[in-house]
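First up is the structure itself, then whatever we jot down about it.
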Amino acid sequence: MRVNLVLSGGAARGIAHIGVIKALEEMGFSIKALSGSSAGAIVAVFYAHGYTPEDMLSLVKKTRWLSLFTPRIPRRGLFSLSKAERYLEKLVDVGRLEDLGRKVYVCATDLLSARPLYLDRGDLVPILLGSCALPGIFEPVRYGDKVLIDGGIMNNLPVEPFERYRTLKIGVDVNPIEEVEDVGSIVSVLIRSFFLAVRSNVDKRKEMCDVLITPDIIGFSPLDVRRADDLYRLGYEKTIRTMRRFL
């Protein structure tokens, strides 16, 4: 059965998406196209480029993520994405979104027009970085006449590109909100505030999906990539249970 896959943002919790894809493959589903915001967009692009779930998990675990973000005197963000740009260019050796092996829609927010964008054509790396540029944390990404920030601001579960298609739409939400005892550093405060704000735009889109997968990742920090194996496993296990019920 062919499906279209919609992947939410969620920072490190987006690793669960990789387990979701692995489970879908094992169950015989064929992923026709993908749409994603932020971390979901990264997984979508890498999968469409030909990375297997095992490849992606290995890459997550061996990458020194903090080395990709350059601190700077705050003007438009605390960190520059210039190193991340060079890193992505090495790992995804196609220049444009339309040259990927599968159809991908990357959701980003245009700060100037205050509109969500669902981009399936154009320069891959700046569009992908723009989709991940959490406001206040990372510098916005200028792309043509647009200034891109995190797609989750306007739409953290971008199912809209698939509305007109009859292909089964599977949404994956990896942004649970739970109570915490301490919010930690300024970066943690900004990231938690961001994810609290995007919940409202996710809830109304869940009903637009034919199937919704919500991995059981309460208690996992959006900054903790050290628990990659656990996140991958939980995404895999929840997908097996959800899709068995659906079938």
Side-chain angles (χ1 to χ4, degrees), residues 2-21 23-24 29 31-48 97 102-111 114-120 127-135 148-178 191-218 220 222 231 234-236 238-239 241-243 245-246:
R2 298 206 301 177
V3 301
N4 289 332
L5 194 57
V6 184
L7 305 178
S8 80
R13 293 182 294 203
I15 298 166
H17 290 316
I18 305 173
V20 170
I21 291 173
L24 290 174
F29 291 95
I31 299 173
K32 178 183 176 184
L34 305 97
S35 174
S37 286
S38 197
I42 293 176
V43 173
V45 164
F46 273 70
Y47 184 66
L97 278 170
R102 285 180 171 84
K103 187 74 167 179
V104 172
Y105 294 90
V106 173
C107 179
T109 300
D110 179 18
L111 194 56
R115 292 175 50 241
L117 306 174
Y118 308 104
L119 301 166
D120 64 340
I127 290 173
L128 186 56
L129 287 174
S131 178
C132 300
L134 272 73
L148 304 181
I149 58 172
D150 197 293
I153 289 286
M154 300 292 291
N155 190 347
N156 205 39
L157 193 67
V159 65
E160 281 83 348
F162 301 137
E163 273 191 285
R164 66 183 184 275
Y165 299 113
R166 300 181 66 181
T167 304
L168 188 75
K169 297 181 285 292
I170 299 177
V172 188
D173 179 18
V174 296
N175 184 33
I177 298 296
E178 70 275 11
I191 290 176
R192 181 168 173 80
S193 300
F194 168 79
F195 285 125
L196 288 172
V198 305
R199 285 311 304 172
S200 60
N201 76 52
V202 169
D203 290 340
K204 65 183 180 182
R205 290 179 169 91
K206 290 179 180 179
E207 296 180 0
M208 298 166 63
C209 299
D210 299 307
V211 182
L212 182 69
I213 298 170
T214 55
D216 301 317
I217 54 177
I218 289 287
F220 284 77
L231 287 161
L234 290 168
Y236 175 90
K238 188 57 175 286
T239 302
R241 294 196 300 271
T242 301
M243 297 313 297
R245 287 197 301 269
F246 170 76

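Atoms considered below: every heavy atom in the structure, side chains included; atoms not considered: hydrogens, waters and symmetry mates. Computed from a prediction, not measured in an experiment: that's the story for all the values here.
Counted within 6.0 Å of CZ on R115, heavy atoms from surrounding residues, nucleotides or ligands total 12 or fewer; the atom is thus considered open.
Proximity of a side-chain donor or acceptor of N201 to a complementary backbone N or O of G152 within less than 3.5 Å is detected. Using modelled atom types, one side-chain atom of T109 and one backbone atom of D150 make a donor-acceptor pair closer than 3.5 Å. In this structure, the side chain of S35 engages the main chain of P158 through a donor-acceptor pair within 3.5 Å. At least one donor-acceptor pair under 3.5 Å links the side chain of S131 to the backbone N or O of C107. Remark: side-chain polar atoms of H17 are paired, donor with acceptor, to backbone N or O of S8 under 3.5 angstrom. Without hydrogens or angle criteria, R205 side chain to V159 main chain gives no donor-acceptor distance under 3.5 Å. The closest donor-acceptor contact from the side chain of R102 to the backbone of I31 lies under 3.5 Å.
The side chain to side chain contact (heavy atoms under 4.5 Å, CB included) with C132 is formed by just one residue from the set I149, V106, I42; it is I42.
C209 approaches G171 most closely through the heavy-atom pair SG-CA, 3.8 Å. For the residue pair P215 and D173, the shortest heavy atom distance occurs at CD-O, 3.5 Å. N156 approaches S37 most closely through the heavy-atom pair OD1-CB, 3.9 Å. Between P135 and I153 the shortest heavy-atom distance is CG-CD1, 3.8 Å. Here the shortest heavy-atom pairing between G10 and P222 reads O-CB, 3.8 Å. Of all heavy-atom pairs spanning A39 and A11, the tightest one is CB-O, 3.5 Å.
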List the steps, then state whether side-chain contact (heavy atoms from CB on, under 4.5 Å) holds for L168 with F246. CA-CA 11 Å; L168 188 75; F246 170 76; 3.6 Å; yes
Working for side-chain contact (heavy atoms from CB on, under 4.5 Å), residues V20 and V174: CA-CA 11 Å; V20 170; V174 296; over 6 Å; no
Pair M243, V3 - check side-chain contact (heavy atoms from CB on, under 4.5 Å), show working. CA-CA 12 Å; M243 297 313 297; V3 301; 5.9 Å; no
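Distance CG/N155 to OH/Y118: 4.0 Å, rounded to 0.5 Å. How far CG of L7 is from CD1 of I18: 10.0 Å, rounded to the nearest 0.5 Å. Rounded to the nearest 0.5 Å, atoms OG1 (T167) and CG (L5) are 12.5 Å apart. Atom CG of L111 sits about 9.5 Å away from atom CG of L148, to the nearest 0.5 Å. The line from CG of L34 to OH of Y47 is 7.5 Å long, rounded to the nearest 0.5 Å. In this structure, the separation between CD1 on I21 and CZ on F46 is 12.0 Å, given to the nearest 0.5 Å.
For L119, the side-chain contact (heavy atoms from CB on, under 4.5 Å) partners two or more places apart in sequence, or in a different chain, are L97, L117, I127. In this view, T242 and V211, I213, K238, R245 satisfy the side-chain contact (heavy atoms from CB on, under 4.5 Å) rule, not counting sequence neighbours.
Between P161 and N4, the closest side-chain pair of non-hydrogen atoms is not below 4.5 Å.
Salt-bridge annotation for K169 and E163: absent, with no side-chain N of the basic residue lying under 4.0 Å from a carboxylate O of the acidic one.
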